[in-house]
Novice: 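Dropping a structure here in structure tokens format, bear with me for questions.
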Amino acid sequence: MPETRVIAIANQKGGVGKTTTAVNLAAALAEAGHRVAVIDLDSQGNASTGLGIPPEERDRTTYDLLMADTSLAECVIPTKVDNLSLVPSSRDLASVDLEMSNRQGRTQLLRRKLPSTSEFEYLLIDCPPALGLLTVNAMVGAGSVLVPLQAEFYALEGLSQLLMTVREVRQTANPDLRIEGVLLTMSDNRNNLSQQVEADARNTLSGLVYNTVIPRNVRLSEAPSHAMPVLHYDSNSKGSLAYRELAKEFLSRQYATA
């Protein structure tokens, strides 16, 4: 059984495309024939809803995975997308940082539940918009971090704080953690600011920034309300095409580091 690759999708800023990327990159990888699961670590549960799993259908959740004697296999449920499964979120995650704070090994809770090999080739963790214990657990359990970066004025300032957290996790708990890549999202080529942010990001971060850029796209915004990835909502939309290109680039990097 091949090694399972675990990727945390993280940025402490909200509204930058973390969940959109988790859902649609997972769907594009699944479409390409890879076995993928999304782990929804955000109490808002948008990734779970976006993959067609409403709250009443979430029996065992990421809260149980972290806080109870529950295995990953017991929490995973299939979605309507072939090759794509989900560990759904729970509103109980909203207070889990406080519950974790008194736990011994509180930053290791997720890693203990993630097998080095499983039926999945890729586990994508959708992190909450904060650098609290949930995101730290994701980084400690992951092999790499994928960072969605919205093409906006303060984007790079927020990124520096995230990279500091990655360095701290490397030093204290997960020395092999690396940056998978930085993904520019919500870009509008007609906007001079988007172009400037992209240029600054590429100059500052060099080869970490994906060549693929996710555009602003109405279909990407509409798809979650229909409880499906954009690749299934409108397969030929600009958003769908962009996430397929991202999947190709993501896989080429995986093969290059294998």
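Not measured: the values here are computed from a predicted model.
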Novice: Is there a donor-acceptor pair under 3.5 Å between the side chain of Ser240 and the backbone N or O of Asp234?
Specialist: yes
Novice: Can any side-chain N or O of Asn11 pair as donor or acceptor with the backbone N or O of Leu149 at less than 3.5 Å?
Specialist: no
Novice: First locate atom CG of Asn46, then atom CG of Asp42, and finally report the distance between them rounded to the nearest 0.5 Å.
Specialist: 6.5 Å
Novice: Let me check something: do Ile179 and Leu177 share a hydrophobic cluster, defined by ILVMFWY side-chain heavy atoms less than 4.5 Å apart, either directly or through other members?
Specialist: yes
Novice: If only atom types and distance count, is the side chain of Asn174 paired as donor or acceptor with the main-chain N or O of Val140 below 3.5 Å?
Specialist: yes
Novice: Checking Leu146 against Leu183 for the side chain to side chain contact (heavy atoms under 4.5 Å, CB included) test, could you report, in this order, the C-alpha distance in whole Å, the side-chain angles of both residues, the deciding distance, and whether it holds?
Specialist: CA-CA 7 Å; Leu146 192 159; Leu183 175 67; 4.2 Å; yes
Novice: What's the shortest heavy-atom distance between Asp92 and Glu99, and which atoms?
Specialist: O-OE2, 4.4 Å
Novice: Same cluster for Met67 and Ile125 if Ile/Leu/Val/Met/Phe/Trp/Tyr side chains link at under 4.5 Å?
Specialist: yes
Novice: Of all heavy-atom pairs between Pro148 and Thr185, which one has the smallest distance, and what is that distance?
Specialist: CB-CG2, 4.1 Å
Novice: Taking C-beta and beyond as the side chain, do Lys113 and Leu65 meet within less than 4.5 Å on heavy atoms?
Specialist: yes
Novice: Step by step, would you call Glu119 with Thr4 a side chain to side chain contact (heavy atoms under 4.5 Å, CB included)?
Specialist: CA-CA 8 Å; Glu119 64 179 292; Thr4 298; over 6 Å; no
Novice: Any link between Val169 and Val182 through a network of hydrophobic side chains (Ile, Leu, Val, Met, Phe, Trp, Tyr) touching at under 4.5 Å?
Specialist: yes
Novice: Can you tell me how far CZ of Arg35 sits from CG of Asp82, rounded to the nearest 0.5 angstrom?
Specialist: 13.5 Å
Novice: Between Arg111 and Ala173 (side chain of the first, backbone of the second, donor and acceptor by atom type, cut-off under 3.5 Å), is there such a pair?
Specialist: yes
Novice: Assigning hydrophobic clusters by single linkage (Ile, Leu, Val, Met, Phe, Trp, Tyr; side-chain heavy-atom cutoff under 4.5 Å), is Tyr122 placed with Leu84?
Specialist: yes
Novice: List the atom of Asp40, the atom of Ser48, and the distance in Å for their closest heavy-atom pair.
Specialist: OD2-OG, 2.7 Å
Novice: Find the distance between OG (Ser71) and CG (Asp64) and round it off to the nearest 0.5 Å.
Specialist: 11.0 Å
Novice: Kindly indicate whether the side chain of Leu184, heavy atoms from C-beta on, has any atom under 4.5 Å from the side chain of Ile214.
Specialist: no
Novice: Ignoring hydrogens and geometry, is there a side-chain-to-backbone donor-acceptor pair from Ser85 to Val76 under 3.5 Å?
Specialist: no
Novice: Are side-chain heavy atoms of Glu249 and Asn211 found at a separation under 4.5 Å?
Specialist: yes
Novice: Do you know the tightest heavy-atom contact between Ala247 and Leu25?
Specialist: CA-CD1, 3.8 Å
Novice: Let's go through Thr70 and Cys75 carefully: what are the C-alpha distance in whole Å and the side-chain angles of both, what is the deciding distance for side chain to side chain contact (heavy atoms under 4.5 Å, CB included) to 0.1 Å, and is it a yes or a no?
Specialist: CA-CA 7 Å; Thr70 309; Cys75 296; 3.4 Å; yes
Novice: Out of Val23, Leu124, Leu41, which one pairs with Ile9 under the side chain to side chain contact (heavy atoms under 4.5 Å, CB included) rule?
Specialist: Leu124
Novice: Under the 3.5 angstrom rule, does the side chain of Thr204 hit a backbone N or O of Ala201 as a donor-acceptor pair?
Specialist: no
Novice: Hey, mind stepping through Tyr243 and Phe250 against ring pair (Phe, Tyr, Trp, His ring centres under 6.0 Å) and telling me if it holds?
Specialist: CA-CA 10 Å; Tyr243 275 106; Phe250 172 88; over 10 Å; no
Novice: Evaluate the side chain to side chain contact (heavy atoms under 4.5 Å, CB included) criterion for residues Leu114 and Leu123: first the C-alpha distance (whole Å), next the side-chain angles of each, then the deciding distance (0.1 Å), finally the verdict.
Specialist: CA-CA 9 Å; Leu114 299 180; Leu123 297 175; 4.1 Å; yes
Novice: Can you confirm whether Pro54 sits close enough to Thr49 that some side-chain heavy atom of one is under 4.5 Å from a side-chain heavy atom of the other?
Specialist: no
Novice: Are Ser235 and Arg244 close enough that a side-chain donor and a side-chain acceptor fall under 3.5 Å?
Specialist: yes
Novice: Using the rule that Ile, Leu, Val, Met, Phe, Trp and Tyr join whenever any side-chain heavy atoms are under 4.5 Å apart, tell me whether Val81 and Val36 fall into a single cluster.
Specialist: yes
Novice: Rounded to the nearest 0.5 Å, how far does CD1 of Ile39 lie from CG of Leu66?
Specialist: 9.0 Å
Novice: Take atom CG of Asp69 as the centre, draw a 6.0 Å sphere, and report whether it contains more than 12 heavy atoms from other residues, nucleotides or ligands.
Specialist: no
Novice: Look at the aromatic rings of His226 and Tyr233 and report parallel, tilted or perpendicular, splitting at 30° and 60°.
Specialist: parallel
Novice: Taking all non-hydrogen atoms of both residues, which atom of Thr79 and which atom of Leu51 are closest, and how far apart?
Specialist: CB-O, 3.9 Å
Novice: Do Asp188 and Ser194 have side-chain N/O donor and acceptor atoms under 3.5 Å apart?
Specialist: no
Novice: Report yes or no: does Thr135 contribute a side-chain atom to a donor-acceptor pair with the main-chain N or O of Gly132 at less than 3.5 Å?
Specialist: no
Novice: Less than 4.5 Å apart, any side-chain heavy atom of Pro115 and any of Leu72?
Specialist: yes
Novice: Is it the case that the side chain of Asp97 and the backbone of Leu133 share a donor-acceptor pair, with hydrogens and angles ignored and the cut-off at 3.5 Å?
Specialist: yes
Novice: Please answer whether the main-chain N or O of Ser144 pairs with a side-chain N or O of Arg178 as donor and acceptor at a distance below 3.5 Å.
Specialist: no
Novice: Do Glu245 and Thr212 have side-chain N/O donor and acceptor atoms under 3.5 Å apart?
Specialist: no
Novice: Answer yes or no: are there more than 12 heavy-atom neighbours, outside Arg170 itself, under 6.0 Å from its atom CZ?
Specialist: yes
Novice: Does Leu231 reach the side chain of Asn24, with side-chain heavy atoms less than 4.5 Å apart?
Specialist: yes
Novice: Are Glu56 and Arg58 ion-paired here, with the side-chain N under 4.0 Å from a carboxylate O?
Specialist: no
Novice: Which heavy atom in Val230 sits nearest to a heavy atom in Gly239, and how many Å separate them?
Specialist: CG1-C, 4.1 Å
Novice: Under a 4.5 Å cut-off applied to non-hydrogen side-chain atoms, are Ile7 and Arg5 in contact?
Specialist: yes
Novice: Which value, rounded to the nearest 0.5 Å, describes the distance between Glu121 atom CD and His34 atom NE2?
Specialist: 6.0 Å
Novice: Do Leu162 and Met139 make a side-chain contact, defined as non-hydrogen atoms from C-beta onward lying under 4.5 Å apart?
Specialist: yes
Novice: Has the side chain of Thr19 got a donor or acceptor atom that lies under 3.5 Å from a matching backbone atom of Ala47?
Specialist: no
Novice: Given Pro129, which of Lys13, Lys18, Gln12 fulfils the side chain to side chain contact (heavy atoms under 4.5 Å, CB included) condition?
Specialist: Lys18
Novice: Centre of Tyr210's six-membered ring, under 6.0 Å away, within 45 degrees of the axis: is that where NZ or CZ of Arg253 sits?
Specialist: yes
Novice: Roughly how far apart are Leu208 CG and Arg202 CZ, rounded to 0.5 Å?
Specialist: 11.0 Å
Novice: Under 3.5 Å, is there a donor on one side chain and an acceptor on the other for Ser89 and Thr62?
Specialist: no
